[in-house]
Amino acid sequence: VNLDDILNKRQSIRRYTKKVPSKADINKVIDAAVKAPSSCNLQLWEFIYVSKPETMEAFAKKVTGKMNWASACIVVAYDPRLTVGRRAGLVSVGAAMQNLMLKATELGMGTCPMAGFRGDEFVKKSLGIPEEYEIPVIILIGYPEGESNKTYRSKPEKVLHFDEFESHRPQLKTSIHLDDWEQDAVLEYRSRIFSVYLWRLNLRFFDDENVARIWNGIEEYLPAKAEQGLILYPWEDSFIKKLKAYYKSLTLADFNKEVAQHYAEKYEVMGEVMVPGSPLKSKNHDTAFILNKLEFETKPSELLANANAALKPGGTLVLTTFDRRSLYITLLRWAIKLKYFPDVYHKSPFYKWGPIKFYSKRKIKALLAENKFEIQATKDVQLNLSDSMIDAFKGNKLVYMGLKVLTTFMRIGLKKEELHLIIAKKQGSV
Ligand SMILES: Cc1cc2nc3c(=O)[nH]c(=O)nc-3n(C[C@H](O)[C@H](O)[C@H](O)COP(=O)(O)O)c2cc1C
């Protein structure tokens with residue numbers, strides 16, 4: 001095997017067999033890790049191999065549920081008090097970690113580095129790691145089960161600069177506000193992050209019960225002879241399944257090629273790539289659905305123009321948006337205003353989608369009129385979203401508990417609607 005083979009083979013593995021790596025193999029892996037360069041050769045790293053089922057179970061509860069994916073992990077610890085400048089200590093640990101993962105790959109093992117965990121103190125106590133140490137990463141390790149999906153990479157030409165830094169690819173912004181972003185940067189963000197999360201998107205917004213509620217709101221407007229349905233920017237599994245059963249043919253369109261392909265294969269339907277502003281190839285759909293996506297769209301008018309062009313005359317558009325008056329959205333907007341989410345990624349429950357924008361009902365109506373849609377009905381559908389949504393605040397125990405209590409009271413007392421549903425008819429072509 002050459003290095004390229006191993007580089008190409010290494011992927012973050014999130015499903016493992018029950019087989020636990022032997023201590024001899026772990027020894028080989030760490031032998032590779034310690035060959036990494038380190039600042040001043042201080043070799044500040046320590047690796048704690050954890051394979052005791054009791055410890056793994058305790059970690060799964062208190063550190064991260066991702067522990068359940070594997071039977072063993074390597075906790076990486078280092079002393080951050082030395083080589084502070086340029087974070088040289090941490091960079092060195094990163095080099096060791098990569099050696100470790102490549103060696104594991106060569107030996108037929110799989111790994112998944114994880115920064116997404118909590119309970120550092122618990123880990124330190126459980127394993128006897130000194131108080132002053134930091135745990136930058138925990139690496140799951142074991143034998144891969146099944147195939148994993150390749151994640152997106154920018155081409156080397158895009159990140160390599162000769163002699164001068166020129167921007168070859170859209171530069172990501174940090175802002176959570178969609179208006180601060182360019183369209184191509186949003187697409188770039190989504191290409192990167194979607195390729196990780198697409199396979200395990202699990203927001204549970206629309207479980208069967210919620211789908212039924214939405215369905216009740218739209219059913220009377222759907223054609224009796226349902227020929228062609230179109231979902232623009234699909235993402236809710238349960239809703240796609242429902243529509244697949246209803247329509248003779250279903251097309252799923254997204255501006256992201258990977259996303260379009262993924263959904264098309266997963267549901268055995270038509271997948272189309274839709275570039276913002278240029279219409280879809282498939283036309284004459286009876287119904288087009290845009291489900292909670294306007295909020296993430298930098299060019300909503302172009303999206304609606306595409307929907308219009310893809311519908312047959314008199315065709316129906318079903319659009320759902322978050323209701324700005326709903327409790328959750330109100331809290332979310334305040335959290336954004338008060339900078340509880342410092343950037344698009346950090347803490348934001350929507351980081352998998354990127355930056356967000358909330359539209360007023362009036363604005364949505366204007367956009368629809370502009371794109372030759374006549375509104376037939378608007379409804380507010382109450383959804384049971386609170387649990388999954390409020391999970392986003394789990395990191396902050398106090399806020400989390402407060403929200404739990406608050407929503408419980410609100411739910412009993414006010415029965416707030418959460419989803420705004422608009423059914424509109426295509427008037428003419430844009
Ligand atoms: C520092 C670091 C932290 C990461 N944290 C997590 C994590 O908490 N959970 C997870 O599932 N993957 C985590 N990953 C894995 C990345 O998602 C993954 O490396 C990336 O999507 C590229 O995919 P690939 O490793 O399969 O090539 C982490 C990776 C790195 C380098």
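Both counts, for ligands and for their atoms, begin at 1 and track the order of listing.
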Pairs of nitrogen or oxygen atoms closer than 3.5 Å, one from [X] and one from ligand 1: do any exist?
{"X": "Pro113", "result": "yes"}
{"X": "Asn149", "result": "no"}
{"X": "Val196", "result": "no"}

Original post:
So, do Phe255 and Tyr233 have ring centers that fall under 6.0 Å from each other?
Top reply: yes
Original post:
Is the gap between the ring centers of Phe296 and Trp181 under 6.0 Å?
Top reply: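 No; Trp181 has its ring centre 6.0 Å or more from that of Phe296.
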Heavy-atom contacts with [X] under 4.0 Å: which atoms of ligand 1 show up? List them by number with element.
{"X": "Lys66", "result": "7 (C), 8 (O), 9 (N)"}
{"X": "Thr151", "result": "21 (O), 22 (C), 23 (O), 24 (P), 26 (O), 27 (O)"}
{"X": "Cys112", "result": "10 (C), 11 (O), 12 (N)"}

Subject >> Test item, Arg10 contacting ligand 1 (heavy atom, 4.0 angstrom) >> reply: yes
Original post:
Should Trp69 be listed as contacting ligand 1, given a heavy-atom distance under 4.0 Å as the test?
Top reply: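 Flag set, Trp69 near ligand 1.
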**OP:** Select one of side chain, backbone, both or neither to describe which atoms of Arg153 lie under 4.0 Å from any atom of ligand 1, heavy atoms only.
**Re:** side chain
Original post:
If you measure from each non-hydrogen atom of Ser148 to ligand 1, which part falls under 4.0 Å: side chain, backbone, both or neither?
Top reply: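 Neither; nothing of Ser148 gets under 4.0 Å from ligand 1.
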Subject >> Distance-only donor-acceptor check, side chains Asp343 and Thr174, under 3.5 Å >> reply: no
Subject >> Exceeds 12 heavy-atom contacts within 6.0 angstrom, atom CD of Glu157 >> reply: yes
Original post:
Is the number of heavy atoms from other residues, nucleotides or ligands under 6.0 Å of Lys361 NZ greater than 12?
Top reply: yes
Original post:
Got a salt bridge between Lys28 and Asp25, using NZ or NE/NH1/NH2 to carboxylate O under 4.0 Å?
Top reply: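 Yes.
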Original post:
Out of Met114, Arg14, Met97, Gln11, whose heavy atom is nearest to atom 12 (N) of ligand 1?
Top reply: Arg14
Original post:
Within the side chain of Gln43, is there an N or O that forms a donor-acceptor pair under 3.5 Å with the backbone of Val34?
Top reply: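 No, because the side chain of Gln43 does not come within donor-acceptor range (under 3.5 Å) of the backbone of Val34.
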Original post:
Can Glu132 and Arg81 be said to form a salt bridge (charged side-chain N to carboxylate O under 4.0 Å, His left out), step by step?
Top reply: CA-CA 8 Å; Glu132 320 74 69; Arg81 294 170 305 173; 3.7 Å; yes
